[in-house]
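Presented below is the structure to which this report refers.
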Amino acid sequence: MQRTPLIAGNWKMHTTTSEAVALAKSVAEASRGLADRQVMIAPPFTALAAVAEAVKGSGVHVAGQNVCWAEKGAFTGEIAPGMLLDIGCTMAIIGHSERRHIFGETDAMINKRVAGAQAAGLIPILCIGETLAEREAERTFAVLEAQLRQGLAGITVADPAQLVIAYEPVWAIGTGKTASKEQAQEAHAFVRNLLAEIYEKNIACQIRILYGGSVNSDNVDALMQQADVDGALVGGAALKADTFARIIRFQK
Ligand code: PEP
C-alpha cells in the first residue's frame, strides 16, 4: 500500500519571524524536486503567516503546533482551525507530549481538537507516546491504545491521507535518546493493527504513522526503512537547516 512519506519539523517555541522565514526558505530549497515525499514545518503561531507566505508555491506544508476545536469565541490563547486555514496552513499537530505533560491536555480535549481540525479540513497529526516509567512498567501498548482510542473517538476517516498519527515516545523527545528501529517498528505495527480494529484494514494500511523522538541525519534512514514508519516528526534537528535538509532527503 502506497503511503506518501511525510517529514515534519516542529519548531516548538523557537525562532523570531525573520529567523523563521529564513529557515522556511531553506526548507523550501531543500525540498525542491522531491515529488515522492511531503515536507511540513510548524513554526510558532507568531511566524505562521510569514512562513506560509515564504514557502507559497514550493509544496512545503505549513502547520499549527496546536489548534482549538471551536471556530471562534471566548478561548483566550487559542487559535481556531479557520484561522490556520486562512493563512495557508494544511495541518495541525495535536496532543504533542509537551501539551499533554506540561500543559495538562487530556485525551478528551485532544479528541475535540482532532474533531475540530478534521471538520474544518485541516489534517490532524495526532501524537501519542509512552513515558519512560510507562515503558519500564511494560505499559507501552496499553498507553498507546488508550491514547489512540480516546483521541480518535467518534472520528470517521473518509480519506486516510487526511489523518496522520505520530508515535513519539516521551523518553525520546529532546533527549538525544532515539527509539531503536526495532522499538519504533514494533510500536508502529501495534498502532496500525489498532487502526485496523478502529476502522478497517484497508484504511489502516493507508494512514501514515510518523516516528518522533530525537530523529537526526544519522538515524533517519534506518527508521524510514522500517515497514510501518511513514515519516518523522522532528524537533531539535528541524531547527538546523543543513540537518533538516538531510532528513528530508532520507534514503529508504
Ligand atoms: C518533537 O518535538 O516532536 C520531537 C520529537 O523533538 P526532538 O526531535 O527534539 O526529540
Side-chain angles (χ1 to χ4, degrees), residues 5-15 19-20 23-24 27 30 38-45 47-48 51 60-67 89 91-105 110 113-114 117 123-132 134-135 140 143-144 147-148 151 163-181 183-185 187-188 191 208-224 226 228-250:
L6 172 61
I7 301 294
N10 171 19
W11 296 359
K12 311 195 188 196
M13 199 171 71
H14 294 287
T15 68
E19 290 166 348
L23 185 54
V27 172
Q38 285 182 335
V39 175
M40 175 277 258
I41 46 181
F45 287 126
L48 264 181
V51 163
V60 172
H61 291 257
V62 178
Q65 293 178 15
N66 204 353
V67 66
C89 290
M91 304 181 183
I93 298 171
I94 298 173
H96 190 277
S97 79
E98 286 147 22
R99 299 304 316 171
R100 293 176 185 268
H101 296 288
I102 302 174
F103 297 100
E105 291 201 10
I110 288 161
R113 294 188 189 280
V114 172
I123 298 177
I125 301 180
L126 170 62
C127 303
I128 58 174
E130 82 286 1
T131 63
L132 184 59
E134 289 163 344
R135 176 162 281 268
T140 297
V143 169
L144 296 183
Q147 290 180 346
L148 196 68
L163 173 67
V164 176
I165 308 297
Y167 167 61
E168 298 206 299
V170 179
W171 48 270
I173 298 178
T175 58
K177 232 193 258 176
T178 319
S180 67
K181 57 188 194 314
Q183 284 172 321
Q185 170 56 26
H188 282 228
V191 169
R208 288 171 293 180
I209 307 173
L210 315 184
Y211 168 78
S214 297
V215 172
N216 59 39
S217 46
D218 294 329
N219 58 29
V220 66
D221 293 348
L223 288 162
M224 289 303 296
Q226 303 309 301
D228 288 290
V229 176
D230 307 315
L233 182 49
V234 186
L239 292 167
K240 297 176 207 135
D242 290 353
T243 307
F244 195 59
R246 172 60 183 87
I247 293 172
I248 290 170
R249 292 183 173 270
F250 71 84

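Remember, it's 1-based here, ligands and their atoms both numbered in the order they're listed. Everything numeric in this text was worked out from a predicted model, so none of it was measured.
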**Q.** Closest heavy-atom pair and its distance - Ile110, Gly95
**A.**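 Nearest heavy atoms, Ile110 then Gly95: CD1-CA, 3.6 Å.
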Q | Minimum heavy-atom distance Ala238-Asn10, with the two atoms named | A |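 Reported closest heavy-atom pair: CB-N, 4.2 Å.
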(Q) Which protein residues come within less than 4.0 angstrom of ligand 1, counting heavy atoms only? (A)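 Those residues closer than 4.0 Å to ligand 1 by some heavy atom are Asn10, Lys12, His96, Glu168, Ala172, Ile173, Gly174, Gly212, Gly213, Ser214, Leu233, Val234, Gly235, Gly236.
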**Q.** Intermediate values then yes/no, salt bridge (charged side-chain N to carboxylate O under 4.0 Å, His left out), Arg135 and Glu130
**A.** CA-CA 6 Å; Arg135 176 162 281 268; Glu130 82 286 1; 2.7 Å; yes
(Q) Going by the rule salt bridge (Lys or Arg N to Asp or Glu O under 4.0 Å), which residues pair with Asp221 if we only count those two or more places apart in sequence or in a different chain? (A)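 Result, salt bridge (Lys or Arg N to Asp or Glu O under 4.0 Å) vs Asp221: Arg246.
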**Q.** Test side chain to side chain donor-acceptor pair (under 3.5 Å) applied to Gln183 and Tyr167, step by step
**A.** CA-CA 11 Å; Gln183 284 172 321; Tyr167 167 61; over 6 Å; no
(Q) Looking only at side-chain N and O atoms, does Arg208 offer a donor or acceptor that is under 3.5 Å from a partner on Gln38? (A)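 Short answer, yes.
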